[in-house]
Amino acid sequence: MTQPYPWLQSYPPGVPAEIDYSIYPSLVDLIDEGLTKHRDKPAYVFMGKQFSFGDIDQGSKAFAAYLQTLGLSKGDRVAVMLPNVPQYPVAVMGILRAGFVVVNVNPLYTPRELQHQLSDSGARAIIILENFAHVLQQVLASTPVQHIVLAAMGDTLGFLKGGIVNHVVRKVKKMVPAFDLPKAVRYKDAMARGAQGRYTAAQPGPEDVAVLQYTGGTTGVSKGATLVHRNVVANLLQSEAWNQPIWSQVPAGEQPTMVCALPLYHIFGFTVNMMLGLRLGSCNILIPNPRDLPATLKELSKHRFHSFPAVNTLFNALAHHPDFNKVDWSHLRLSVGGGMAVQGATAKLWKDKTGCPIAEGYGLSETSPSATCNPVTSTAYSGTIGVPIPSTEVRVLDEAGNEVPVGTAGEIAIRGPQVMAGYWRRPDETAKVMTADGFFRTGDIGIMDERGWFKIVDRKKDMVLVSGFNVYPTEIEDVVAQMPGILECGVVGVPDEHSGEAVKLVVVRSDPNVTEQQVRDYCAQHLTGYKRPRVIEFRTELPKTPVGKILRRELRG
């Protein structure tokens, strides 16, 4: 980056314009350094048990050695279908240290989605929690998978506690449907075999593939974003630099601690919790199911923590929960909102209740993920996605790929070391999103102001066209979410014989007495005529992805 960018003036003191991502040739170098340097510190806390960086070092080497006995070749893909359990970092670091490629798989996938991802990625091996093994069984014959490692919830908790946890999961809660995978090897057996074997350290280069991160598929077929080692290394260093003003506030001698409620298989949790945690020597509090709000708050009440990356829906749900005040929020210094827009009402409530503002960021699977963020020193909600983080350029383009004037809406495009190498084995799809000069076209519509701050107005594909007027669902959702008695809401376009499309609003109430007419009156007060919802529907909950994004397409029905 040579020319001056307006956003650099908004950088907090001490945050550099650029980072040197050559300090780690690959994630393996970062893993080796982090696990050795912080060996004696706790790396993860899970169900009351601590796992040190040394434990993860030993475990991941054993897992790497086991994988190396299977006859896989350098660059082969290994799928990981696990929630936030200690086996996840052990498996991922083992896969990378053995010279293979991580394929992150959402554990809640349906058979159709799982078959697509395993076949598309060409995964030859998978590690999967037994709770989801019945899904794999249904599609295994039509995938390239030859090796299965079967993990259980209590595997890492010791003989007594682990046995109790597995009994409760299997027999009491009945969370493990019957399955038949005769060739599967149990996690503990694989680890024992690996511990007896010989681990040969892989030495991947910066441009070797590290992770296939499949896009959510909310806008069509799920594609694998090909993230090379350089992409993830750069992004965790960019995040570290951006967050530095806050980390420097953690008292000397106190270990930085993060809440890990984001799924680690999602690129946000993968990079900002696991990989940045390695670099900082942070402890991650693993939350296996953040949707279980009482259990999440109970776990958090046992710890002091400094950082909480999450999505708007989780911040909102926790802040509204009656057990919220049982947690000590006084040490929280950094709340990062990403994955979806942070709403003004949620940001205000969170700040009021914790004293810690939410710094909203923006990124995608294709950008490893972080691209922009509000300064972590901000004290107020800006309603924007902030500014580009170090070593990142962002432009707003028209359909023809030309930069539009300041203040004009267009497609947000990103260039930086964190931008993917392309979509896995889809040069046609890659060509659609990459410009000739290396910018990634995000499909999100945004505006840059004269200070270089960016605001998303919506996704191209979510825009509602009412009588020729563009209506952006995010704007309406933000307005309605601030109405008293409304917990959350979602907006989509539905066909309309008069205007082509009309706005449909789906509402979840926190006050059951709120009426449709009150919602209409509120919208009339705050939204111009063509933006007002024609159809209003009340539901008890909104359909969401496991990360917490609202699935707008499912609101149409």
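Predicted model only: the values in this text are computed from it and were never measured. By convention here, the first residue in the shown sequence is residue 1.
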Is it the case that the side chain of Lys351 and the backbone of Thr379 share a donor-acceptor pair, with hydrogens and angles ignored and the cut-off at 3.5 Å? yes

Review point. Are the side chains of His303 and Cys283 in touch, meaning some heavy atoms are under 4.5 Å apart?
Key: no

Counting only heavy atoms not in Lys173, do more than 12 fall under 6.0 Å of its NZ?
no

Any donor-acceptor N/O pair, His116 side chain to Ser222 backbone, under 3.5 Å:
yes

Test side-chain hydrogen bond (donor to acceptor under 3.5 Å, both in side chains) on His331 and Glu254 and set out the steps. CA-CA 11 Å; His331 302 278; Glu254 194 169 310; 4.6 Å; no

When rounded to the nearest 0.5 Å, the distance separating CZ of Arg520 from CZ of Arg534 is 9.0 Å

Exercise. Kindly say whether Val168 contributes a backbone atom to a donor-acceptor pair with the side chain of Lys171 at under 3.5 angstrom?
Key: no

Checklist entry - For residues Gln238 and Thr392, is any side-chain donor paired with an opposing acceptor at under 3.5 Å? => result yes

Query - Leu280 and Asn243, any side-chain heavy atoms less than 4.5 Å apart - result: no

Output for pair (Leu487 CG, Leu542 CG), nearest 0.5 Å, gives 8.5 Å

- How about Tyr109 and Phe132: are their ring centroids closer than 6.0 Å? no

Enclosure of Lys348 NZ (heavy-atom neighbours >12, cutoff 6.0 Å)
no

| field | Close side-chain approach of Thr545 to Leu551, heavy-atom, < 4.5 Å | value | yes

Just wondering, do Trp7 and Thr372 contact through their side chains at under 4.5 Å, heavy atoms?
no

- Does one side chain, of Asn104 or Tyr88, offer a donor that lies under 3.5 Å from an acceptor on the other? yes

Interatomic distance, CG@Leu262 vs CE@Met274, rounded to 0.5 Å, equals 12.5 Å

Note: Gln418 and Ala371 closest approach over all heavy atoms is NE2-CA, 4.0 Å

Any donor-acceptor N/O pair, Trp242 side chain to Asn374 backbone, under 3.5 Å: yes

Taking every heavy atom of Ala152 against every heavy atom of Asn166, the minimum-distance pair comes out as CB-OD1, 3.6 Å

- Query: Are Met175 and Met153 close enough, and set up right, to give a side chain to side chain contact (heavy atoms under 4.5 Å, CB included), and what steps lead you there?
  - Reply: CA-CA 10 Å; Met175 294 169 72; Met153 209 71 174; over 6 Å; no

Sub-4.5 Å side-chain heavy-atom contact between Glu516 and Phe538:
yes

The residue among Asn131, Leu129, Asn289 that forms side chain to side chain contact (heavy atoms under 4.5 Å, CB included) with Pro83 is Leu129

>> What I'd like to find out is whether the side chain of His320 reaches to under 4.5 Å of the side chain of Glu488, using heavy atoms alone.
In response: no

For Arg112, is the CZ atom crowded, meaning more than 12 foreign heavy atoms sit under 6.0 Å from it? no

Would a distance-only check, ignoring hydrogens and angles, find a side-chain to backbone donor-acceptor pair under 3.5 Å from Lys455 to Gly383?
-> yes

Requested in this report: Determine, stepwise, if the pair Asn273 / Val259 fulfils side chain to side chain contact (heavy atoms under 4.5 Å, CB included).
Outcome: CA-CA 8 Å; Asn273 283 98; Val259 177; over 6 Å; no

**Asked** How far apart are the C-alpha atoms of Tyr214 and Ser121, what are their side-chain angles, what is the distance that settles it, and do they pass the side chain to side chain contact (heavy atoms under 4.5 Å, CB included) test?
**Response** CA-CA 9 Å; Tyr214 278 74; Ser121 64; 3.4 Å; yes

With Ile412 as partner, the option from Val394, Ile447, Val457 fulfilling side chain to side chain contact (heavy atoms under 4.5 Å, CB included) is Val394

> Counting only heavy atoms not in Lys298, do more than 12 sit closer than 6.0 Å to its NZ atom?
Replying inline: no

Tightest non-hydrogen contact, residues Pro6 and Met448, listed as CG-CE, 4.4 Å

One should read off an interatomic distance between Leu157 CG and Phe51 CZ, to the nearest 0.5 angstrom, of 5.5 Å

* To do: Check whether any side-chain N or O of Lys504 sits under 3.5 Å from a backbone N or O of Leu555 as a donor-acceptor pair, and report yes or no.
  => yes

Between the CD1 atom in Ile456 and the CG atom in Asp444, the distance rounded to the nearest 0.5 Å is 4.5 Å

CZ of Phe308 to SG of Cys260, rounded to nearest 0.5 Å, is 10.0 Å

inquiry  = Using only atom types and a distance under 3.5 Å, with no angle test, would you say the side chain of Thr346 pairs donor to acceptor with the backbone of Val342?
reply    = no

Side chain to side chain contact (heavy atoms under 4.5 Å, CB included) evaluation trace for Val90 with Tyr44: CA-CA 11 Å; Val90 166; Tyr44 297 94; over 6 Å; no

message = Under a 3.5 Å distance rule, please check whether Thr528 uses its side chain to pair with a backbone N or O of Lys531 as donor and acceptor.
response = no

message = Between Asn235 and Thr271, do the side chains contain a donor N or O and an acceptor N or O under 3.5 Å apart?
response = no

Exercise for the section: Assign the ring pair His526 / Tyr522 to parallel, tilted or perpendicular, where the plane angle (0 to 90°) is split at 30° and 60°. Expected result: tilted

Minimal heavy-atom distance between Glu411 and Gly443, with the atoms involved, is OE2-N, 2.7 Å

Quiz prompt | Check: Lys49 main-chain N/O paired with Lys161 side-chain donor or acceptor under 3.5 Å | solution = no

| field | Residue pair Phe270 / Met275, side-chain heavy-atom distance below 4.5 Å | value | yes

- [ ] Could you check if a side-chain atom of Ile285 sits within less than 4.5 angstrom of a side-chain atom of Glu299, using non-hydrogen atoms only?
- [x] yes

- Give a yes or no answer on whether the side chain of Thr257 reaches the backbone of Gln255 with a donor-acceptor pair at less than 3.5 Å. yes

*Parallel, tilted or perpendicular: ring planes of Phe324 versus Trp329, cut at 30 and 60 degrees*: parallel

Q) Are side-chain N/O atoms of Ser382 and Glu360 paired as donor and acceptor at under 3.5 Å? A) no

Minimal heavy-atom distance between Glu366 and Leu227, with the atoms involved, is O-CD2, 4.4 Å

Is Glu541 salt-bridged to Arg291, cutoff N-O under 4.0 Å?
no

Next item on the list: Count the heavy atoms of every other residue, nucleotide or ligand shown that sit under 6.0 Å from CD of Gln517, and state whether that count exceeds 12.
Entry: yes

Correct closest heavy-atom pair for Ile287 and Ala261 would be CB-CA, 3.9 Å

